[in-house]
Amino acid sequence: MLRLTLPGPLSLSTRCAVRSHATTQTLVRFKSTSAKKTGVNEVKKLTWPEYLAIRGSKRKWQMAVTIPCALLGFFGGATYFGSLETDPAKPIMGIDPFFFYGACTVGCVGIGALIGPSIGSALWSARHRNQMALVDAMDREFYRRIAKNRVDASLQSPTHPVPDYYGEKVGSLHQYRQWLRDQGKYKRKALLPEE
């Protein structure tokens with residue numbers, strides 16, 4: 001326990017004369033509350049199974065938001081293009097208006113499906129913002145390992161593409177090991193001549 005003795009509240013007369021030491025205060029601070037540098041050197045790191053589970057959770061959020069966004073795009077496109085007045089005798093860019101508006105509605109579905117994963121990722125990030133620094137660090141490490149171990153893209157052919165080039169299907173350690181085996185098998189097939 002630390003004890004500090006300080007003079008009490010100093011008035012103008014005690015500051016000038018400094019004779020009166022009768023009023024003193026004792027401040028007590030227990031050693032358990034001393035100021036330490038906690039957390040500076042202790043950086044929590046995710047384990048690979050935890051990281052892959054979080055990554056799977058993020059993909060589920062993205063898929064869960066993609067479906068409603070695609071449906072919203074469909075209903076929005078159908079509502080807008082269905083309300084337009086059409087004259088079958090006047091083609092739009094040489095296409096029948098019903099087919100053109102139908103293609104535009106399908107385009108709205110595609111736009112909704114493309115925007116959905118971005119919205120899902122943003123919602124997931126907002127929900128798990130306390131883990132974002134850890135996840136970002138593990139993302140960098142994961143993609144560094146993927147880039148180091150994947151097959152060179154110049155070895156692929158149109159009939160035989162590289163399996164899972166970006167490691168998108170990796171969701172567990174077992175799947176990562178299988179991905180490594182698949183990459184090695186592809187590399188051996190592409191580089192070694194068949195007998």
Side-chain angles (χ1 to χ4, degrees), residues 44-86 91-187:
K44 185 180 178 206
K45 190 171 181 181
L46 292 174
T47 63
W48 284 107
E50 289 172 340
Y51 165 70
L52 293 171
I54 289 171
R55 190 169 181 258
S57 165
K58 186 176 182 180
R59 288 193 65 176
K60 287 176 187 168
W61 275 69
Q62 290 172 339
M63 285 303 296
V65 174
T66 298
I67 295 167
C69 283
L71 291 174
L72 187 65
F74 172 73
F75 290 123
T79 302
Y80 177 73
F81 292 112
S83 67
L84 294 178
E85 291 184 24
T86 59
I92 300 171
M93 292 190 285
I95 303 172
D96 184 62
F98 294 111
F99 289 119
F100 182 77
Y101 293 151
C104 290
T105 301
V106 171
C108 290
V109 171
I111 290 172
L114 287 175
I115 292 173
S118 298
I119 294 172
S121 181
L123 290 174
W124 184 88
S125 297
R127 174 95 166 84
H128 298 91
R129 65 180 158 264
N130 57 346
Q131 296 177 333
M132 284 308 296
L134 298 172
V135 172
D136 287 342
M138 289 299 283
D139 272 342
R140 283 190 296 277
E141 176 65 20
F142 178 74
Y143 291 124
R144 187 189 63 77
R145 288 174 183 251
I146 292 290
K148 182 179 100 177
N149 293 315
R150 68 180 166 206
V151 178
D152 185 15
S154 65
L155 298 176
Q156 72 180 347
S157 67
T159 58
H160 196 60
V162 174
D164 195 15
Y165 186 75
Y166 295 103
E168 294 170 337
K169 296 176 185 167
V170 175
S172 67
L173 286 177
H174 174 73
Q175 290 173 341
Y176 178 69
R177 290 182 189 114
Q178 184 62 46
W179 181 85
L180 287 172
R181 285 192 291 273
D182 291 344
Q183 297 295 311
K185 188 189 305 181
Y186 187 92
K187 195 181 292 186

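The figures that follow rest on heavy atoms only: side chains count, while hydrogens, waters and symmetry mates do not. Numbers for residues simply follow the sequence, beginning at 1.
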Nearest 0.5 Å, please: how far is [atom2] in [Y] from [atom1] in [X]?
X: Tyr80; Y: Thr105; atom1: OH; atom2: OG1; answer: 11.0 Å
X: Tyr101; Y: Ile95; atom1: OH; atom2: CD1; answer: 11.5 Å
X: Lys58; Y: Ile54; atom1: NZ; atom2: CD1; answer: 10.5 Å
X: Cys104; Y: Leu84; atom1: SG; atom2: CG; answer: 9.5 Å
X: Leu134; Y: His128; atom1: CG; atom2: NE2; answer: 12.5 Å
X: Tyr51; Y: Gln131; atom1: OH; atom2: CD; answer: 12.5 Å

My understanding is that only residues two or more places apart in sequence, or in another chain, count here; which of them pass side chain to side chain donor-acceptor pair (under 3.5 Å) with Arg144?
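Partners of Arg144 under the side chain to side chain donor-acceptor pair (under 3.5 Å) test: Glu141.
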
Counting C-beta onward and ignoring hydrogens, is there a side-chain heavy-atom pair between [X] and [Y] closer than 4.5 Å?
X: Val170; Y: Arg55; value: yes
X: Val135; Y: Leu46; value: yes
X: Thr86; Y: Phe100; value: no

Tell me, yes or no, whether the heavy-atom count around Arg59 atom CZ, taken from other residues, nucleotides or ligands under 6.0 Å, exceeds 12.
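No.
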
Would the distance check show the side chain of [X] and the main-chain N or O of [Y] forming a donor-acceptor pair, the cut-off being under 3.5 Å?
X: Ser57; Y: Ala53; result: no
X: Gln183; Y: Tyr165; result: no
X: Arg150; Y: Gly167; result: no
X: Gln175; Y: Ser172; result: yes
X: Asp164; Y: Glu168; result: yes

Geometric class of the Tyr176/Trp179 ring pair [parallel <30°, tilted 30-60°, perpendicular >60°]
parallel

Can you label the angle between the His160 ring and the Tyr186 ring as parallel, tilted or perpendicular, going by 30° and 60°?
parallel

Assess the residue pair Asp182 and Gln178 against the criterion (side chain to side chain contact (heavy atoms under 4.5 Å, CB included)); give the C-alpha distance rounded to whole Å, side-chain angles, the decisive distance to 0.1 Å, and a yes or no.
CA-CA 6 Å; Asp182 291 344; Gln178 184 62 46; 2.9 Å; yes

For the residue pair Val151 and Val162, what are the closest heavy atoms and their distance?
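So the minimum-distance heavy-atom pair works out to CB-CG1, 4.2 Å.
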
For residues Asp152 and Ser154, report the shortest heavy-atom separation together with the two atoms involved.
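Looking at all heavy atoms of both residues, the shortest contact is OD2-OG, 2.7 Å.
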
For a quick test of your reading: what N or O donor-acceptor pairs under 3.5 Å do the side chains of residues 60-78 make, sequence neighbours left out?
| unit_1 | atom_1 | unit_2 | atom_2 | d |
| --- | --- | --- | --- | --- |
| Thr66 | OG1 | Gln62 | O | 2.6 |

